[in-house]
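Encoded as structure tokens, the structure appears first; notes follow it.
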Amino acid sequence: MPKIDKEMAQFEKDLLQSIGEMKRGAHAAVHTPAQIEARKRGRPAGSVKADAKVSTTIRLDAVVLEALKAAGPGWQTRANDALRDVFVAKATPGTRPRRSHRAPERS
């Protein structure tokens with residue numbers, strides 16, 4: 001009788017468990033070729049927010065981009081929030097957003 005080490009015995013146990021889950025559909029959905037062919041391309045309907053962000057290209061100074069990225073993950077969201085704060089008036093209607101990003105206007 002061949003000797004089975006503990007690692008192989010555990011592997012066999014895990015493999016049999018995975019096969020059982022697959023058969024029951026507990027681990028992942030099993031798709032037939034007909035189901036795969038019937039799927040439409042793109043995201044499922046209703047999976048995109050109504051106020052979804054818009055992809056764009058913007059040119060920034062290298063030091064600005066470096067500073068944004070240096071703050072770590074989420075830098076694009078923080079940049080979006082900062083731009084929203086500057087350009088979207090949160091105050092009472094009729095007020096203008098701050099213009100601190102530019103030199104003062106000359107009269």
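Note that the coordinates shown come from a computational prediction; the quantities given were computed from them, not determined experimentally. One is the number of the first residue; the rest follow in order along the sequence.
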Would you be so kind as to tabulate the donor-acceptor pairs closer than 3.5 Å made by side chains of residues 52-61, with sequence neighbours excluded?
none

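Residues satisfying the side-chain contact (heavy atoms from CB on, under 4.5 Å) test with L16, not counting sequence neighbours, are E12. Residues passing the side-chain contact (heavy atoms from CB on, under 4.5 Å) test with Q10, sequence neighbours excluded: K13, D14.
Listed by first then second residue, pairs satisfying side chain to side chain donor-acceptor pair (under 3.5 Å) with a partner in residues 71-81 read D81-R84, not counting sequence neighbours.
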